[in-house]
Structures are given as structure tokens and as C-alpha cells.
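So the structure is just underneath, and the comments pick up after that.
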Protein chains: 2
Amino acid sequence: MSVKGQRGPRLRADVQRNRAALLEAAQRHFLRFGVGTSLEAVAKEAGVGPGTLYRHFPTREALLAAVLQTRSEELMARRAEIAQLGDASRALRHWLRAMEEYFSAFSGLPEPLMAAARAQEPGNPLTLPCDLLITTTEEYVRAAQLAGHARASVTGYDLFLAAVSVAWIKGTGATDEESLDRLRALVESGYRERENPA
Amino acid sequence: MSVKGQRGPRLRADVQRNRAALLEAAQRHFLRFGVGTSLEAVAKEAGVGPGTLYRHFPTREALLAAVLQTRSEELMARRAEIAQLGDASRALRHWLRAMEEYFSAFSGLPEPLMAAARAQEPGNPLTLPCDLLITTTEEYVRAAQLAGHARASVTGYDLFLAAVSVAWIKGTGATDEESLDRLRALVESGYRERENPA
DNA sequence: ACCTGTCGCGGAGGCAGCCTCCGTTTCACT
DNA sequence: AGTGAAACGGAGGCTGCCTCCGCGACAGGT
């Protein structure tokens with residue numbers, strides 16, 4: 001009732017404004033202080049009270065998922081590009097790198113992502129994007145296997161874990177880029193087929 | 001002065017008692033709740049006030065390092081056993097597995113360990129054991145390389161990172177043992193020399 | 001333009017954990 | 001037993017989490 005042609009309940013102006021301000025403030029704080037940053041500080045910077053923050057985003061994960069939305073879409077765009085590559089081996093490598101960058105968006109991001117990957121209860125708002133990444137990785141792995149570029153024993157989930165691990169290591173700040181490159185190379189030579197099969 | 005034959009300042013009985021009680025309580029809590037457990041709860045269980053805990057162990061890391069002391073010694077014992085193996089390839093594999101188990105002693109242990117690996121300031125009491133592990137890994141890697149079982153491009157630090165990563169993944173609880181085994185296999189086939197060199 | 005019901009706002013407040021400071025107690029040595 | 005020094009421990013200040021509810025602002029109708 002009381003609709004002008006739009007479906008669903010009318011959205012109040014302050015609701016939209018607050019939500020946008022919260023997302024922007026959250027992104028800034030996640031970037032600067034990592035995903036563990038104080039939510040009260042986020043609320044304050046957004047110019048709203050803590051109650052408002054928690055009404056919009058009941059959990060830290062919900063806020064995080066909303067902030068990640070943009071990045072997820074960017075990643076899916078890259079996925080489309082990568083799919084055009086043709087070369088299954090290169091495609092897999094690029095996809096893994098793209099995922100790793102996604103995981104490195106904020107320091108401390110790998111932890112909640114792994115928690116979401118574990119969760120069977122669909123309560124966690126990060127579970128959906130997480131499962132999407134795993135599924136996509138499986139597709140790339142399968143293609144690489146068919147082309148003889150990846151071992152049969154490797155699964156998409158394995159390489160998802162590897163990418164998360166590298167991102168985690170990166171996030172600890174205990175390594176320089178050289179070490180990370182060697183780690184990536186280690187993973188790659190780990191999943192690659194050794195000989196060309198007959 | 002005023003010594004009965006022991007060197008150094010005399011240790012009061014309550015000091016020793018409290019320290020022992022704290023270490024025991026801390027180990028229990030770290031085992032049950034991970035390294036992030038409430039230090040106040042540890043103090044309470046040990047039957048001392050928070051002030052006493054913080055006097056004995058000024059930081060969480062200091063307490064952790066003290067609790068890990070026993071495990072470090074066990075690991076060094078295994079190191080001695082492993083060194084007897086003769087086969088450099090097997091030795092490296094066993095050592096990596098032993099390190100991984102050490103890292104998995106408590107949930108959440110990898111984080112402070114990586115922070116200690118990063119730290120240049122010697123303030124962190126975990127830095128010393130951490131550096132020891134890295135150095136030891138480098139020895140095993142060098143031996144394996146000389147025997148033609150490991151690629152020249154791999155460093156001890158890389159495999160240290162790999163072991164920490166696997167332990168971290170394990171600690172998230174998002175994976176079963178099968179996945180972990182596949183990850184370990186991935187790492188191993190990543191550092192192994194492909195062909196036997198001439 | 002005003003009225004009105006509803007929904008969102010926001011801050012006070014309860015809770016938990018961290019860490020410190022200092023009056024009190026306990027110990028060891030004489 | 002007496003005494004000085006060192007350790008004890010808990011109160012308290014601080015920060016962050018999250019909830020609850022009275023107040024206020026917004027949208028739709030008149």
C-alpha cells in the first residue's frame with residue numbers, strides 16, 4: 001500500500017544517507033586499521049550513533065560484506081576478462097592472483113573469510129561470496145586439468161586455500177614482495193603437471 | 001651477598017609457586033580457548049590477581065613464550081632425531097611436519113609468531129625461538145638442495161612460511177585432514193626438484 | 001501547509017577485557 | 001622475633017561491544 005509504482009517499502013532519505021555514510025567511513029577505517037577496527041569509531045566518523053550502525057549492519061561481517069560488494073563486482077569483472085584468455089594455464093594463474101589481491105583488500109580479511117568458508121549456517125553474509133570464489137576456482141582448475149596443465153589431484157578448494165594463505169602471509173607484513181613471489185611460485189609449481197601427458 | 005651457595009638473588013617461595021600456577025593455568029586456557037583467551041581468567045584460575053600476572057609476564061607474548069618453552073624443547077629433541085635420518089629429503093619433510101605441529105599447539109598461535117618473525121626490535125620474546133626455527137629450516141633446505149632433492153630457488157624462510165600457513169589454515173577449522181594433506185603435498189611438490197639432476 | 005502515525009535515530013548504560021598503581025601482606029635474612 | 005624489601009592483588013580507569021528505549025524526523029494524507 002501507498003506505493004507510487006516502486007515495489008517494496010519506501011526508503012526514507014535519512015536511511016539511505018546514513019547507510020552510505022557508514023559504508024564510506026567503514027571502508028576508510030578498514031583500509032587504515034584493518035577489519036578489526038573499532039565499530040564505534042566508524043559510527044562516529046559517519047556521524048551516527050552506534051545503534052544506527054548496528055541496525056544497518058547487525059554484525060561486523062555484515063558491514064564487511066557490504067563494503068566488499070564493490071570489490072566483489074570488480075573481481076567478477078576480472079573473471080570475465082580472464083575467461084577470454086584462452087590459455088587455461090595462464091587463466092588459472094591470473095585468477096589466483098586476482099583472488100589473492102581481493103583477499104588483501106584489508107588487513108585481517110582472511111580470518112573472517114575462512115570463518116565464512118567453514119560456516120554451514122547461512123547466517124554469515126560472507127559465505128555467499130566465499131562460495132562463489134571457490135566454485136569459480138574449481139572451474140578454472142578443471143579447465144587447466146583438461147588442458148593437461150594441472151595435476152588431477154589438485155582441487156579448486158586447495159588453490160583457494162593457497163591464495164588465502166598467501167594473502168594472510170602478506171597481511172602479517174612479515175615478508176617482502178620477493179618472498180611472496182617465491183611463495184606463489186612454490187604453489188604454482190606444486191599444482192602444475194610435471195610432464196606433458198601422452 | 002647473603003647467598004647460601006646459589007648464585008643470583010634468592011627466589012621467594014611465593015614467586016615460584018605463582019609462576020608455576022600461572023604457567024599451568026595459561027597452558028590450559030590456551031589449549032581450550034586459543035592464544036587470545038582472557039588473561040584475567042588465567043589469573044583467576046591460577047588463584048592470583050591480575051597485577052601478579054602482569055608482573056611475571058608483562059605481555060601476552062611473554063606468557064606465551066614461557067608456555068611454549070616446553071614445546072620448543074620437544075621440537076629441538078625431534079630435530080636431533082630427524083638429523084639422524086640421513087635421507088635429506090625425508091629429513092626436510094619430517095622437519096616441516098614437526099614445525100607445523102608446533103605451530104598448531106594452540107589455536108591462534110601463527111599470528112603472534114608471524115608478528116615476532118617481522119619484529120626487528122628484540123622486545124618480542126617470541127622472536128628468538130622463531131628465528132631459531134627459520135635458521136634450522138634453512139639448514140635442512142640446504143642439505144636437501146645439496147642432495148638434489150630441493151630446488152635451488154627455494155629458501156628456508158619460504159618453507160617456514162609455508163608451514164606457518166598450513167598451521168594457520170588448520171587453526172581456522174575450515175578444512176578436514178584430507179584438504180590439509182593435499183596442501184602439504186602441494187607444498188612438497190612445489191619445492192621438490194623435478195628431475196634428478198645429472 | 002499542516003497533521004499524524006510510524007520508523008529510524010542515537011546515546012546512555014551494562015558488560016567484558018586490558019593494564020596500572022599503590023596500600024597491604026608475605027617472605028627471607030638476621 | 002624484628003625488619004626491610006619485594007611481591008601481592010584488587011580497585012579503578014580505559015576502550016570497545018552491543019542493547020534498549022525515549023525522542024525526533026520523515027513521508028503520506030488531508
Side-chain angles (χ1 to χ4, degrees), chain A residues 1-26 28-30 32-64 66 108 111-112 115 123-125, chain B residues 1-26 28-30 32-64 66 108 111-112 115 123-125:
Chain A
M1 49 286 274
S2 78
V3 275
K4 206 182 292 180
Q6 302 290 89
R7 64 145 158 273
R10 182 64 84 281
L11 272 195
R12 276 170 58 160
D14 50 355
V15 170
Q16 296 178 259
R17 184 164 17 95
N18 286 333
R19 184 186 159 90
L22 280 168
L23 285 177
E24 200 179 338
R28 263 200 304 275
H29 278 248
F30 285 157
R32 222 194 294 275
F33 309 110
V35 301
T37 188
S38 157
L39 295 188
E40 299 220 324
V42 170
K44 183 177 291 184
E45 178 151 328
V48 304
T52 299
L53 187 152
Y54 284 102
R55 191 169 336 95
H56 280 266
F57 307 103
T59 65
R60 186 180 294 271
E61 284 72 35
L63 178 57
L64 191 52
E111 283 84 351
N124 194 320
Chain B
M1 46 283 275
S2 77
V3 274
K4 208 182 292 180
Q6 303 291 90
R7 69 146 156 272
R10 179 67 83 278
L11 273 194
R12 278 170 58 157
D14 50 353
V15 171
Q16 296 179 258
R17 184 164 20 93
N18 286 333
R19 184 186 159 89
L22 279 168
L23 285 176
E24 202 179 337
R28 264 200 303 276
H29 276 249
F30 285 158
R32 223 194 294 275
F33 308 112
V35 300
T37 188
S38 157
L39 295 188
E40 300 218 326
V42 170
K44 183 176 291 184
E45 178 151 328
V48 304
T52 299
L53 187 151
Y54 285 101
R55 188 166 338 96
H56 280 266
F57 307 103
T59 65
R60 186 181 294 271
E61 285 71 36
L63 178 57
L64 191 51
E111 283 84 350
N124 194 320

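Naming: A, B, ... by sequence-line order, numbering from 1 per chain. Note: hydrogens, waters and symmetry copies are ignored here, and every other heavy atom, side chains too, is used.
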Nearest whole Å is fine: how far is [N] [atom2] from [X] [atom1]?
X: A:E61; N: D:dC17; atom1: CD; atom2: P; result: 12 Å
X: A:L39; N: D:dT15; atom1: CG; atom2: P; result: 17 Å
X: A:E40; N: C:dG17; atom1: CD; atom2: C1'; result: 15 Å
X: B:L53; N: D:dA7; atom1: CG; atom2: P; result: 15 Å
X: A:Y54; N: C:dC15; atom1: OH; atom2: C1'; result: 13 Å

Review point. Does the side chain of A:H56 get closer than 4.0 angstrom to OP1 or OP2 of C:dG8 through an N or O atom?
Key: no

Practice item. Just jot down the side chain to side chain contact (heavy atoms under 4.5 Å, CB included) partners of B:A46, sequence neighbours excluded, or say none. Key: B:A21, B:L22, B:A25, B:V48

Review point. Side chain to side chain donor-acceptor pair (under 3.5 Å) with B:E111: which residues, sequence neighbours excluded?
Key: B:W168

Looking at the side chain of [X], which of [options] is the nearest nucleotide?
X: A:N18; options: D:dC18, C:dG10, D:dC8; answer: C:dG10
X: B:S38; options: D:dC8, D:dC17, C:dG17; answer: C:dG17
X: B:P50; options: D:dG16, D:dA11, C:dG8; answer: D:dA11
X: A:V15; options: D:dC18, C:dG17, C:dC9; answer: C:dC9

Report each atom pair, protein N/O against N/O of nucleotides 21-26 of chain C, whose distance is under 3.5 angstrom.
| unit_1 | atom_1 | unit_2 | atom_2 | d |
| --- | --- | --- | --- | --- |
| C:dT26 | O2 | B:R12 | NH2 | 3.2 |

Check your understanding: Hey, does A:R19 reach any base, or is it just sugar-phosphate, or nothing, if we go heavy atoms under 4.0 Å?
Key -> nothing

Review point. Under the salt bridge (charged side-chain N to carboxylate O under 4.0 Å, His left out) rule, what pairs show up with a residue in residues 16-26 of chain B, not counting sequence neighbours?
Key: B:E24-B:R28

Check your understanding: Restricting to pairs with a member in residues 47-60 of chain A, which pass side-chain hydrogen bond (donor to acceptor under 3.5 Å, both in side chains), not counting sequence neighbours?
Key -> none

Check your understanding: Does A:F30 have any ring-ring contact (aromatic ring centres under 6.0 Å, His included) partners at least two apart in sequence or in another chain, and if so, which?
Key -> A:F106

